[in-house]
Amino acid sequence: LSASQREAILSVFRVGLGAGAQSGSVSTIDAVMARGRVLICEDGSQWQTRERDDAELIEDWGEGALVAIHRQLVYRLDPYQAAEVELLRL
């Protein structure tokens, strides 16, 4: 996706959440590791799930899924689903 396409998707997403104009990001999943516990996005950000149910959900999404990340939640945009995550710092 181009930068303008990402921004358009993110702006619609922000409106749905009532989020601030500068919050969140849109990315695709580059890799899902450790049975869904670790999520690596194409922008290089790395996230860790908190709960096993969330890990199972993200594992099902797999590589290439389009996601939006906002306030420690990762949202799959189509179909709409969400999982709780935290930034993984190595």
- Note on the structure: Here the pair of heavy atoms bringing H70 nearest to Y75 is O-CE1, 4.2 Å

- Message: So, taking the atom named CG in L66 and the one named CZ in R76, what distance separates them when rounded to the nearest 0.5 Å?
- Response: 9.5 Å

- Message: Working to the nearest 0.5 angstrom, can you tell me the gap between Q48 CD and M33 CE?
- Response: 12.0 Å

- When W47 is tested against each of V38, I40, V74, L39 for side chain to side chain contact (heavy atoms under 4.5 Å, CB included), which residue passes? L39

- Which heavy atom of E42 sits nearest a heavy atom of S27, and at what distance? CG-OG, 3.1 Å

- Message: For the CG atom of L57 and the OG1 atom of T49, what is their distance to the nearest 0.5 Å?
- Response: 10.0 Å

- Item | Considering all heavy atoms, the nearest E59-R35 contact | OE2-CA, 3.5 Å

- Message: If the condition is side chain to side chain contact (heavy atoms under 4.5 Å, CB included), which residues does E51 pass it with, not counting sequence neighbours?
- Response: D54

Using a 3.5 Å cut-off and no angle test, enumerate the donor-acceptor pairs between side-chain atoms of residues 83-90 and protein atoms at least two apart in sequence or in another chain.
from, atom 1, to, atom 2, distance (Å)
E84, OE2, R50, NH1, 3.0

